[in-house]
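First comes the structure, then the notes that go with it.
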Amino acid sequence: MSAFLGHIHFWLYKKIQLINEREQLILKEAEKSLDDLATELHDTAVSMYGEPIPADRNLQMIIDHSNIHGWLQNQIEVTSVREATFIKDLLDCGGDMATDAILTAFVTQGTACGTLAKEKLGDAQHTPQEVYQAMQDYYLNGMPCDGGDTIISESDSEYIWAGTHQNQREHWKKAGVSEVFMAAAYQAWFRAFVAAAAPYLQFDVILEENNAPLYRISKTVAN
């Protein structure tokens with residue numbers, strides 16, 4: 001990456017901040033049913049990985065200008081692992097109430113991000129690919145150099161990619177959280193995003209013959 005801050009750096013920073021925001025949403029939802037336990041578990045994750053960057057902190061003022069790439073990469077890891085660690089501990093200690101709280105937070109943020117995307121997309125109907133591309137402004141999927149999703153097929157009516165979460169799995173493994181649950185949480189986020197951004201489209205999960213999950217954005221039957 002460049003030694004100077006550019007659009008891509010602010011773009012990544014915004015998505016890092018969205019993970020921090022979702023972590024706070026999870027805490028808020030979990031406190032409704034688990035009270036002080038949720039707070040204690042979050043404090044544990046923070047003690048391990050540090051406080052989230054405050055939402056109002058200017059990137060220009062806090063980034064290591066001598067190592068822009070390394071700083072952003074480290075923030076992606078720390079932010080992702082802290083959230084995943086908090087989720088793991090909630091699942092271990094909170095049972096079904098924790099599960100509901102976490103999924104509610106993912107859906108809440110997915111809807112909010114999809115609503116913002118809809119404002120940018122405008123009133124015209126867009127292709128599944130265009131909505132997928134709009135989603136990339138909110139979905140933290142590693143560094144640009146990490147490579148993105150593997151696209152399986154695309155057309156005017158559907159867009160399919162491999163649901164491997166290859167850029168998140170190492171963070172989940174480090175936290176020790178269930179990869180099956182994390183994939184399901186992200187699927188809930190994707191579904192909520194698409195429903196808010198483009199109600200004429202739908203997100204769903206399909207399977208290849210070898211049972212590897214594929215994600216699809218497609219036109220609804222009515223369209």
Side-chain angles (χ1 to χ4, degrees), residues 15-16 18-50 52 73-113 135 138-143 146-150 152 160-195 203-216:
K15 296 198 288 183
I16 291 169
L18 283 172
I19 300 293
N20 290 331
E21 174 189 286
R22 189 171 65 219
E23 180 184 324
Q24 293 301 314
L25 284 173
I26 294 169
L27 174 59
K28 180 179 178 181
E29 289 296 331
E31 285 177 334
K32 293 178 182 178
S33 54
L34 301 176
D35 300 317
D36 291 343
L37 175 60
T39 307
E40 292 169 6
L41 295 176
H42 185 250
D43 288 345
T44 298
V46 169
S47 70
M48 294 174 65
Y49 297 103
Q73 191 169 46
N74 180 67
Q75 288 302 319
I76 289 174
E77 179 176 358
V78 168
T79 301
S80 300
V81 175
R82 183 180 55 240
E83 181 197 42
T85 297
F86 180 38
I87 289 173
K88 177 188 184 300
D89 291 345
L90 282 172
L91 293 173
D92 288 346
C93 301
D96 291 342
M97 290 186 294
T99 298
D100 291 344
I102 295 162
L103 293 178
T104 295
F106 271 79
V107 169
T108 297
Q109 191 190 63
T111 300
C113 291
M135 189 168 70
Y138 306 90
Y139 167 46
L140 182 58
N141 192 17
M143 299 283 284
D146 292 334
D149 297 323
T150 300
I152 304 301
I160 301 175
W161 70 100
T164 60
H165 293 279
Q166 62 180 7
N167 292 329
Q168 287 86 34
R169 286 167 63 191
E170 287 304 312
H171 305 315
W172 300 346
K173 287 179 181 178
K174 186 171 182 178
V177 71
S178 165
E179 294 182 32
V180 172
F181 178 84
M182 291 303 295
Y186 270 94
Q187 290 161 13
W189 191 101
F190 294 148
R191 186 172 290 107
F193 179 95
V194 172
F203 169 86
D204 60 340
V205 182
I206 57 179
L207 296 176
E208 288 184 295
E209 291 182 1
N210 63 359
N211 290 329
L214 300 178
Y215 295 162
R216 175 174 63 187

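Just so you know, these numbers use all the heavy atoms, side chains as well, and skip hydrogens, waters and symmetry mates.
Rounded to the nearest 0.5 Å, atoms CD1 (Ile26) and CD1 (Ile87) are 4.0 Å apart. Atom CG of Asp149 sits about 7.5 Å away from atom CG of Asn167, to the nearest 0.5 Å. Here the straight-line distance linking atom OG1 of Thr79 with atom CG of Leu18 works out to 11.0 Å at 0.5 Å rounding. Here the CD-OG distance, from Glu23 to Ser80, works out to 10.0 Å after rounding to the nearest 0.5 Å. Atom-to-atom distance recorded for His42:NE2 and Asp89:CG is 11.0 Å, nearest 0.5 angstrom. Rounded to the nearest 0.5 Å, atoms CD (Gln166) and CG (Asp146) are 8.5 Å apart.
Residues Leu41 and Phe86 have side chains in contact (heavy-atom distance under 4.5 Å, counting atoms from C-beta outward). Counting heavy atoms from C-beta on, the side chains of Met182 and Ser178 never come closer than 4.5 Å. Inter-residue side-chain proximity for Leu207 and Leu214 is flagged as unmet; no heavy-atom pair is nearer than 4.5 Å. Leu140 is listed as a side-chain neighbour of Ile76, based on a closest heavy-atom distance under 4.5 Å. Phe181 is listed as a side-chain neighbour of Leu91, based on a closest heavy-atom distance under 4.5 Å. At least one side-chain heavy atom of Trp189 sits under 4.5 Å from a side-chain heavy atom of Gln109. Considering only heavy atoms from C-beta on, Phe106 stays 4.5 Å or farther from Leu25 through its side chain. Residues Asn20 and Arg82 have side chains in contact (heavy-atom distance under 4.5 Å, counting atoms from C-beta outward).
Under the salt bridge (Lys or Arg N to Asp or Glu O under 4.0 Å) criterion, Glu170 pairs with Lys173, not counting sequence neighbours. The salt bridge (Lys or Arg N to Asp or Glu O under 4.0 Å) check on Asp204 picks up Arg216, with sequence neighbours excluded. For Asp92, the salt bridge (Lys or Arg N to Asp or Glu O under 4.0 Å) criterion is met by Lys88, not counting sequence neighbours.
Screening Thr85, Val81, Val78 for a side-chain contact (heavy atoms from CB on, under 4.5 Å) involving Met48 leaves a single residue, Thr85. Test His171, Gln24, Arg22 against Glu83 for side chain to side chain donor-acceptor pair (under 3.5 Å) and you get one pass: Arg22.
The six-membered or imidazole ring of Phe193 lies away from that of Phe203, with a centre-to-centre distance of 6.0 Å or more.
Although no hydrogens or angles enter the test, the distance criterion places a donor-acceptor pair under 3.5 Å between the side chain of Lys15 and the main chain of Tyr139. In this structure, the side chain of Asp100 does not engage the main chain of Met97 through any donor-acceptor pair within 3.5 Å.
Using modelled atom types and a 3.5 Å distance limit, the side chains of Gln168 and Asn141 yield a donor-acceptor pair. Residues Glu31 and Thr39 bring a donor and an acceptor atom of their side chains to less than 3.5 Å of each other. No side-chain donor from either of His165 and Glu179 sits under 3.5 Å from a side-chain acceptor of the other.
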I would like to know whether Leu34 and Leu90 meet side-chain contact (heavy atoms from CB on, under 4.5 Å); could you show each step before the answer?
-> CA-CA 9 Å; Leu34 301 176; Leu90 282 172; 3.9 Å; yes

Passes side-chain contact (heavy atoms from CB on, under 4.5 Å), Met135 versus Phe190? Steps please.
-> CA-CA 8 Å; Met135 189 168 70; Phe190 294 148; 3.5 Å; yes

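Annotation for Ala84 and Trp172: closest pair CB-CD1, 4.2 Å, computed over non-hydrogen atoms. For the pair Ala185 and Leu103, the tightest heavy-atom approach, listed with the atom from each and the gap, is CA-CD2, 3.8 Å.
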